[in-house]
S.K.: 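First the structure, which I've put down as structure tokens, then a few questions once you've had a look.
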There are 4 protein chains.
Amino acid sequence: MQIRTDLAMEASLHAASAGIRQKKCCFGKILKTEVTVETEEAARMLQKARGHYITFSMDHLYYADAAERIKLSHHLAHTLRMLLPKNGDILVAGLGNRRITADALGSKVLDHLLVTRHLQDKEGGMLYEGLRGVCALAPGVLGVTGMETAEVIRGIVQHVKPSAVIAIDALTARESGRICTTIQVTDTGIMPGSGVGNHRTGLNEKTLGVPVIAIGVPMVVYATVIARDALELMMKDVGISQQRLDGVMDELLGKTLHHPLGDMVVTPREVDAMVGKVARIIGDGINEAVQEALSPEELMELAHDCL
Amino acid sequence: MQIRTDLAMEASLHAASAGIRQKKCCFGKILKTEVTVETEEAARMLQKARGHYITFSMDHLYYADAAERIKLSHHLAHTLRMLLPKNGDILVAGLGNRRITADALGSKVLDHLLVTRHLQDKEGGMLYEGLRGVCALAPGVLGVTGMETAEVIRGIVQHVKPSAVIAIDALTARESGRICTTIQVTDTGIMPGSGVGNHRTGLNEKTLGVPVIAIGVPMVVYATVIARDALELMMKDVGISQQRLDGVMDELLGKTLHHPLGDMVVTPREVDAMVGKVARIIGDGINEAVQEALSPEELMELAHDCL
Amino acid sequence: MQIRTDLAMEASLHAASAGIRQKKCCFGKILKTEVTVETEEAARMLQKARGHYITFSMDHLYYADAAERIKLSHHLAHTLRMLLPKNGDILVAGLGNRRITADALGSKVLDHLLVTRHLQDKEGGMLYEGLRGVCALAPGVLGVTGMETAEVIRGIVQHVKPSAVIAIDALTARESGRICTTIQVTDTGIMPGSGVGNHRTGLNEKTLGVPVIAIGVPMVVYATVIARDALELMMKDVGISQQRLDGVMDELLGKTLHHPLGDMVVTPREVDAMVGKVARIIGDGINEAVQEALSPEELMELAHDCL
Amino acid sequence: MQIRTDLAMEASLHAASAGIRQKKCCFGKILKTEVTVETEEAARMLQKARGHYITFSMDHLYYADAAERIKLSHHLAHTLRMLLPKNGDILVAGLGNRRITADALGSKVLDHLLVTRHLQDKEGGMLYEGLRGVCALAPGVLGVTGMETAEVIRGIVQHVKPSAVIAIDALTARESGRICTTIQVTDTGIMPGSGVGNHRTGLNEKTLGVPVIAIGVPMVVYATVIARDALELMMKDVGISQQRLDGVMDELLGKTLHHPLGDMVVTPREVDAMVGKVARIIGDGINEAVQEALSPEELMELAHDCL
């Protein structure tokens, strides 16, 4: 399969190996999938680092009403609490390029974040009992800053000394249907810009020295993936075998590789609103996960008033 | 042909009919195609109104340098001058939805426009010798305003009494390769929102009472079109006949119609920058076409300082 | 009094005339002032048209929490219901220039508006029982469109035939303390752009043929007004008589008229957030006033999801 | 004088001390003022660090035409070249809060910057002969990130190892007439957020370990300063002595300190366009200063196409 995917749930689709565990459960319209990559061998096979990958999918996320979105935020918060250390400041890194709507998820999440680390007294205690320190940065992408995202974050981590980093980024989907319907949370970190072909130094516990929780949402897809999905749809119908289908796919991909279509990356026409909606869900989820001392109402008021 | 197209040059591709004239010429990297639909019969066949359709294509418009973009503006200006009446005010209508980047071309062109109609003395003469009156409006789309664009524009035309309307809108491409590489100018007017399936009352000489020059640029494409383009690419290579290919296409489209893919409309990931670049080319072209008394330098200074 | 004001409550401050009625009441932190200009003579004296002027003031509107803002929206809704006709479509006109933050209130209110007029069946009945038709437009200012706002709105009113127009605009304050703390509602219409010195044809029942309810919020102030307020503060303290003070003021204004200070119009540094906050209060108030069939929860969900 | 100023030229106005040198010259409409603070004693007196302060003033900067703006960029470039080291990468830090228009100058300059540091081959040489490495970051303000700007920049400097930092920020004016008419360049660094009362750790050679060139433009002014300027204007006219005037000023400031006016910070109504214009002048100036190998035309094309 030549098209790489950022989603472990896609990578592990046909995998039934010793080192991979999968668990699925439904909460109303929300499907939660947990993939655990337990061994180095499994990691190599899936091309995914060892660790946990928790995915929340919701077919019509974009059309979800307020109640459904709040529910999704709660689930996200619950999962983040499992993965985050109990104490210490959290640095939230909004990755991606704010000037490209389809890549602006990271920086837009920061708009909904309750930033608190500076609300400290002279002795370094928090001004409000129980408030946990959160700081945030949208460092921008290599082409805009001239610096690797990892360089920027590493420099800040060494000065700010958070107990963990949460990194948010837009991903590339390997199935058309995944776009803006799936939120992946993982404790294995993230490879900024990995989605569209430019591999950079990763953000993970090894490179940053503190746990890195990555939150990703597929926002773009290669045009060739759309072609493949349509083809698959059609061919399955005429009873073509999976093996035969894979052969046709490979051929298709080979052809289009050198055609304008080959590296065209697309996003839904409604991407502006989609990014806005998912950014709020993630922002609310992080706020709830980190600030256990505040009620949902207090959080809502504080976070959405800080704009 | 199930997939409709806003581009006459696409519609007329295989058409060699009595009532259709086509002319092509190249200016460096710019391909200019003129299609004239001369008879009602030809109009029915192409599903395009009688009139002129002039298209400028440039493979890598998005990567064009300043010299190439200025050249394209000049060509556009020359064509607009042919189609516009010699005297009287011009109303420029920037159609589309400014909140959806892929649909914001119309409103973004207005940012580059030299608006002059209000620079009049008490007797209604222009304050600057030779300046032609230009007014502009981005009325917004039905879903945002609750009013048909045609209603809004008609009301304004009756009060402002321009000698012509220039309407700018983002179009839907029928070939993936057309996205943001083609600018179509036509004297047949426009059907706002026609690109993505919602037909509304048209903007044309019949409905508005003055000539309507439409400028359109394909900015989005149906996911199924991408699938078809990829399929075509592959099948042509294995020597499949056109007839057979059309059959497969029809089947493909039938299948995907009821699948999520069926009505997914996509746009390139770089749409923010693309829209910005094309908007400037069109804005500069209109300014040059209308203000014959001003030199290119004066225009550049006046238009880009008004921001 | 050389500095004109858009606020009737300021104009009527020292007025105790036969044709002017004033009523004040407090609702917690909200001060509601109703000024009724009953005779033509009083109108001439105040330089305010005959009609009702209802003002809501709140000292720290910008720092108000969610509960206070919702309360203010309710009061606004209640007042609008008194002034609006019971039936028929409503056209909401967001006046001002969206590219100037301090003048963007009108267009920003539209972001929070529930637009419904197009949700009709073929016979012109509303798709949802009890929903009232609302349409909206941000026509832009003369300098950007080349057309008088009144021309644009009049043209649309004639086609769309609403039963009333609600026009929203940023105003000029005559007291520094009014900026973004006061919302004025009046049934006398509005003079677009009147705040900063450029008088245009008015929007009112006489020019548009339907009732015009204007909602205005002071967002800017002349630098000379700030100077005067500071001076007044200081002089009152040293026991200077009002008459003497007025003399000094006149002298001050005379001096600064020909100085750079003279026509400098300023706005608070925090204007971006202020406009956002007030826009939402007004948007929510209009929604509630117009859609009596919907509960506050339904309105919140519908209005804030349409973004 | 209780009102502090970020501009050395204002601070040194009445100073004729041993350790302060001043030089003025005019280039057409541009007034260039160089203040050199030579001794620690002079630094204490002026409350300005030892070093060079070069100021470019232009009465109607906002209304300057293209030729004047380009001229100003050239002057700025020339001054920056004097202050910058000849070799090594440059880090440009756009300070301030992008969500507050009056504070967005720093981040907006980055939009015009030619970022090049990443255009390197594997051995660390630049891909284009003669191109100098530039990287850039808009770190955001303490209230948004939860981190001191100095913390963020210091962390990055240690990883990226530039030979100098250029920091751009909006300043507070002490005279109404300075707003958006003056650009100050200094080799003494900057105190982020110093303009509006919140002192933070400074950005300077001592704290960052490399030279820090600061570029600042007054964009806001205290309302009390406007009051004082108007008062001064009036009183000078009636022949009041400077000593008496200072007394009145002190009294005025004392009064207003506890009044709403006291801490009101204002900005011109046209701040959106003003910031945009000055940001481009500064961006062009930096590009020209740093990239000596590129012609003005190449720079223009490269810098304004990168958007």
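No hydrogens, no waters, no symmetry mates; every other heavy atom, side chains included, goes into these values. Naming convention: chains lettered A, B, ... in sequence-line order (proteins, then strands); numbering from 1 in each chain.
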S.K.: Could you pull out the closest heavy-atom pair between D/Met264 and C/Ile226, with the gap in Å?
M.R.: CE-CD1, 4.2 Å

S.K.: What distance separates D/Asn97 CG from C/Glu270 CD, expressed to the nearest 0.5 Å?
M.R.: 10.0 Å

S.K.: C/Thr101 and side-chain contact (heavy atoms from CB on, under 4.5 Å): which partner among D/Val271, D/Thr101, D/Thr267?
M.R.: D/Thr101

S.K.: Sort D/Asp103 into side chain, backbone, both or neither according to what part of it lies under 4.5 angstrom from a heavy atom of chain C.
M.R.: side chain

S.K.: With heavy-atom distances below 4.5 Å as the criterion, would you say the side chains of C/Asp272 and D/Arg99 are in contact?
M.R.: no

